[in-house]
Amino acid sequence: MNGIQPPTIEYGQLSPLLLVFGAAIVGVLIEALAPRYLRKSLQMPVTLLGLVGAFALVLTVVMQGVPTKAAAEGAIAVDGPALFIWGVILVLAVISVLLINDDNEFVASAAAVPGTPEEEDAIAAGGAHTEIYPLALFAIGGMMLFASANDLLIMFVALEVMSLPLYLLCGLARRRRLLSQEASVKYFLLGAFSSAFFLYGMALVYGFAGTVSLAGISDALGAVGGQNTLLLIGAGMLGVGLLFKIGAAPFQAWKPDVYQGAPTPITALMASGTLVAAFGAVLRVFWVALGNLDWDWRPVMWGVAILTMVAGAVLAITQTDIKRMLAYSSIAHAGFLLTGVIATGAEAQNALSLKGILFYLVAYGITTVGAFAVVTMVRDAGGEAGHLSRWAGLGKRSPALAGVFAFFLLAFAGIPLTSGFFGKYAVFAAAVAGGAVPLVIVGVVSSAVAAFFYVRVIVLMFFSEPAPDGPTIAVPSVGTAGVVAIAAAATVVLGIYPEPVLRLAEDAASTLFIR
Amino acid sequence: MEPAKIVEHAGGVIGASWLMIALPLLGAAILLLGGRRTDRWGHLLGVAMSLASFVVAVVTFFELIGLPGGERRRAVGLFEFIPGLVDMGLLIDPLSISFALLITGVGSLIHIYSIGYMSHDPGRRRFFSYLNLFVAAMLLLVLSHNYVGLYIGWEGVGLASYLLIGFWQYKPSAATAAQKAFIVNRVGDFGLAIGIFTIWTTFGSVTFQGVFESTLKPEQGVLTAIGLLLLLGACGKSAQVPLQSWLLDAMEGPTPVSALIHAATMVTAGVYLVVRSGAVFFPEGSTAALFAAIVGTVTLLAGAIIGMAKDDIKKGLAGSTMSQIGYMMLGAAFGPVGYAFAIGHLITHGFFKANLFLGAGSVMHAMNDEVNMRRYGALRKALPVTFYTFLIGYLAIIGFPLLSGYFTKDGIIETVIHHNEVLGWLAVLGAGLTGFYMSRMVFMTFFGEKRWADDAHPHESPAVMTIPLVLLSIGSIFLGGYLVLGGRFMTFLGPAVGMPEGGVPAFHPFTVPGLATLALVAVGAAIAWLRYGRVPVPVTAPRGSFLTTFARRDLYGDALNESLFMRPGQWLTRIAVFFDNRGVDGLVNGLAAGIGGTSGRLRRVQTGFARSYALSILFGAAVVAGALLLVGNL
């Protein structure tokens, strides 16, 4: 009886996570200690160093050999898919942070009520919230943890660590502040609501399995089978919490409102990073913990996937705001990705589906950040020119920018020689191999419907006369221009020479999830 | 003898042969993305990339001939393109490397020439970026080890050709010509695409190795169908009848483009396709091969007849290009001997036709971009270098003994007569017509009296333009003899396309068809002298006979297209639109309206109230849980 055993923590494996959180804490300290005029010039390097350093650490972990056993007493699984997703999140985070670095997007003083003299004073004083950097870092750390949590409790903590800073960040838009604050509150309310579902589901599953560890749940399922009401409702509630985060129908309602209201760089981070992280968590819960229950959840997920693809594509058609349209497009893409989640089977089949999903996430994430970066550049007097009618004739005013945006839209539509084609191809091919042919047919038809509204924007940009008082194209900062260039280059390269990333995804997927 | 087996290859220069494509592609990317910042040195980068690619091609060539004959077909795998369907890779073999040397060699000379030719053009940097893009795409076309890569290159050269024909897009005629080229090529590309689809379903592979070394024995009908589809593609790209009409208009592009793309390289892609696929889809005596031969013969005569009546020097040369490619297509229909002569003629033609085009460009450069030969005359004193190099190109193309064209064209004629007398003698007739129209061109341009415009002050072009001319004319003199004598080229090409049964046929200079060809060429040249050399040429074209008008109007090719396809097409679209409005639209618009209406209605669910969203989540959660319970308890 000599007291409590200290837990073993594999610091090496967890170092990327720790570095991101560490950088976030340094950021908080800077806010507390550094004088106001120094903060920005300190925050940006700390944030970038933290993210790039974490990426280097991910590479180091991979070099040392992908671990085969969950770390931190089985709470966190640093396996092939997790490392791949970490790498992807970090890359997306770096380019999103380059966008966040743009002063023009964030409010001068969040506490000042919109339209009051305080606000004008704050703007005149050139105020800026440098807290956005540590907040973003916490959110990014939360995303990484979310995708690698091997236990429902850690997953819930990660969910909150990821979401809380994002709720705040959503409310910090510099212009149309009421819309932004509304988005923030809505996101918070609905996010809390869905978290409650997740928590409740967790409690019910614990009631069934007596454990919150994903492996433990899986073992309990193997012993008992799936005829347990407690378990089934619990699994459903868990699913609701997760499907909310990826924006699957019928839990998608927050996405357009929040994407529209949030500052565009934050939208870029959410639309790319959160989606990647949430799919990591979805896969872990449905494949690892509930893998033995797949006969029960598969029909339900079929319904969700079909509904998501159709709702995303159909609703996008009548959108008149570019950010809302991209939000619905993101919903449709979540549906396409779900077809890969459903296509499970033997190990080889799972590896194939996982490879497709991982590649899709890379391709979609990078293109998405690029598309939102373009959105930040098209401005008029009231800030970003969100309404689609303002984009008419953009191709005549600014052919290069409109050309790049058109290219991103073609990638979303999945036209060959763009990254989007191979993403869709990989996921749909895996789904066909997994026997989900009807789903793929729905997916292809939805893609066709989706292509309509993508092409409609292209037609609008290139074949309409520009409005005389049309928006101006902001001269991009180096960061924004860099983001657009990186995203365009990645979309081209992944569309012509996808093999290296496909190979990486395949290697990451080959070990599947460890338990 | 069968072609050699394709073996995998890694390492060495051959393993790095992708650089040939990557370098000019990089050049194009830098120049296109760099924009005006690269204006000052853009042309130099373009030339450097093309030359570098040529160096890689030469080194690759030497490494290839260092291998034993039977092992000279090396497949270099590059990367997985469409997972599980298509791997990207290159096939380095005697056939593809011959093309690569031609494309990069002649291409580099034309790049250099363009420095001078385009020196006053504000868009010179853009011009060089397109040229580099073209070289990269063309190399991908000929080096790819599968049909999909070939198709990408095929579309790539089509794009480059479109961009370059319409390079002076402010000229409506250039813009129209570019569109015409693009649209006519669509028809051919469509055939090629369906052909490749059919290859995939028939053989389960699109790699040359998978198709040519397949153990499957598909039905002859399927093979013929594929052959005809590929031939349709070849007709489009190589301007063969019935898809020839775009090439004459394509002369709207800058002259170096006409030389590189519309004479030396791109338009020969169709011949490459037929020769590459020959063993399986166009074997000697097959229906597809017979069609190729007929297409070639018709085109070689049509092109020559068009060339006879044109006063525009570039259009005259364009007709001649059609005609010469017709010879190649004809040769390519007759097995390994035919392949060797067809590709040999393709290479020598690349030299002397580029030589002629660049010479024409040099004349135009001197004459304020005048293209009408009736405004030329007596230029041999003013432009001595251009004159002598043009003269060499002229002697080469009409098949003057011992020059390049003589060996390869005569080889084709002899081969064809050996197999098919009718087509063979028609080819002899074509040679006579060539003698006429080319002599006419030389007499009208360089001899006779001055018929210049008042403000014309012809001057010889700068060295950067004349040196490529001199180098090309050296090739025009010696290359043919070097390749043909002793069967050197046939032996070299053997591993790629197969060797004739019974070895390389010996070269006989004095055969009946050979002598007849020479006689007819002499007659043609003599008639040209009587009509255009001895007597003054009127500055305005005389009305001419029915036949002249026929030829001037491109054998009514455009009128034919118009009345056969365009007008019925317009009627068809009108009828279709009528029915579309009445019937189909009801359905489609109904569907679209349905989706749009649904979208509009569903949109109203998006009320903006967080409470309604929460309610929908609750509802969704209930449905999910209920469904799970239902499924779980089934």
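A, B, ... follow the sequence lines: proteins, then strands. Residue 1 opens every chain.
- Nearest approach of Pro250(A) to Gly620(B), heavy atoms of both residues: CG-CA, 3.6 Å.
- In this structure, the portions of Leu315(A) lying under 4.5 Å from any heavy atom of chain B include both its backbone and its side chain.
- The contact between Tyr328(A) and chain B is made entirely by side chain atoms (from C-beta outward), counting heavy-atom distances below 4.5 Å.
- In this structure, Leu618(B) and Phe197(A) approach most closely via the heavy-atom pair CD1-CZ, 3.8 Å.
- With a threshold of 4.5 angstrom between heavy atoms, Ala235(A) approaches chain B through its backbone and through its side chain.
- Heavy-atom distances place no part of Arg298(A) under 4.5 Å from chain B, backbone and side chain included.
- The candidate from Asp257(A), Val185(A), Ile233(A) with the greatest count of non-hydrogen atom pairs under 4.5 Å with chain B is Asp257(A).
- At a 4.5 Å heavy-atom cutoff, Leu630(B) makes no contact with chain A through either its backbone or its side chain.
- For the atom pair Asp87(B) CG and Glu499(A) CD, the distance stands at 7.5 Å (nearest 0.5 Å).
- Looking at every heavy atom in both residues, Ala621(B) comes nearest to Met237(A) through O-CE, 4.0 Å.
- Proximity of Val631(B) to Trp297(A): side-chain heavy atoms (C-beta onward) are nowhere separated by under 4.5 Å.
- Proximity to chain B is limited to the side chain of Phe244(A), based on heavy atoms less than 4.5 angstrom apart.
- Of all the heavy atoms in Leu232(A) and Leu628(B), the pair that sits closest is O-CD1, 3.4 Å.
- Side chains of Val624(B) and Phe251(A) form a contact here, defined as non-hydrogen atoms less than 4.5 Å apart.
- Annotation for Ala610(B) and Leu190(A): closest pair O-CD2, 3.7 Å, computed over non-hydrogen atoms.
- Each of Gly626(B), Ala625(B), Ala614(B) has some count of heavy-atom pairs under 4.5 Å with chain A, and the biggest count is that of Ala614(B).
- For Phe188(A), the CZ atom is loosely surrounded, since the number of other residues' heavy atoms within 6.0 Å does not exceed 12.
- Neither the backbone nor the side chain of Leu243(A) comes within contact range of chain B; no heavy atoms are under 4.5 Å apart.
- Looking at Tyr497(A), both its backbone and its side chain come within 4.5 Å of chain B, counting heavy atoms on both sides.
- The contact between Val314(A) and chain B is made by backbone and side chain atoms together, counting heavy-atom distances below 4.5 Å.
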